[in-house]
Amino acid sequence: DLGREEHVRCIEWIARNDDNFIRYGDTYELQYLDGARGWRVVEGSRVTARDTVLHFSGVPGDALMRLHDMTRGVEEGVFIVEDGGQRFL
């Protein structure tokens, strides 16, 4: 309650979670599993979040992926890219 009428242009709703989402100002790196070579960084994928959504190009197809929060992350879910979206495994 703001105590007065106020025009709201936008609302961003984030479900309660274990803090495993994109945070403004954190630096992220997209990685893919390269068989026995282990996790490799997608070239040019290190970015600092300026929104709650990140966009990447040059993502290898048919690869197991993970997004690593270089700033504070320790928990990473793996996913594949399927039909233009993420499918977490």
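Residues satisfying the side chain to side chain contact (heavy atoms under 4.5 Å, CB included) test with Glu82, not counting sequence neighbours, are Ile80, Arg87. Take Arg40 and apply the side chain to side chain contact (heavy atoms under 4.5 Å, CB included) test, not counting sequence neighbours, and it matches Tyr32, Asp34, Arg37.
By the 6.0 Å contact criterion, CG on Asp51 is enclosed, its count of non-hydrogen atoms from other residues, nucleotides or ligands being greater than 12. Under a cut-off of 6.0 angstrom, the local environment of CD in Glu6 is crowded, with over 12 non-hydrogen atoms contributed by other residues, nucleotides or ligands.
Residues Ser57 and Val42 come closest through the heavy atom pair O-CG1, 4.1 Å.
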### Full working for side-chain contact (heavy atoms from CB on, under 4.5 Å) between Met65 and Leu30
CA-CA 7 Å; Met65 311 292 296; Leu30 185 62; 3.6 Å; yes
### Message
Please determine whether side-chain contact (heavy atoms from CB on, under 4.5 Å) holds for the pair Phe56 and Leu67, giving the CA-CA distance in whole Å, both sets of side-chain angles, and the decisive distance to 0.1 Å.
### Response
CA-CA 11 Å; Phe56 298 99; Leu67 183 65; 3.9 Å; yes
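Linking Ile, Leu, Val, Met, Phe, Trp and Tyr whenever their side-chain heavy atoms come within less than 4.5 Å leaves Val78 and Met70 in two separate clusters.
Thr71 places a side-chain N or O within 3.5 Å of a backbone atom of Thr27 that can act as its donor or acceptor partner.
Separating the CZ atom in Arg72 from the CZ atom in Arg23 is a distance of 4.0 Å, to the nearest 0.5 Å.
A heavy-atom distance below 4.5 Å is found between the side chains of Tyr28 and Leu54.
For residues 59-89, the pairs satisfying ring pair (Phe, Tyr, Trp, His ring centres under 6.0 Å) are Phe79-Phe88, with sequence neighbours left out.
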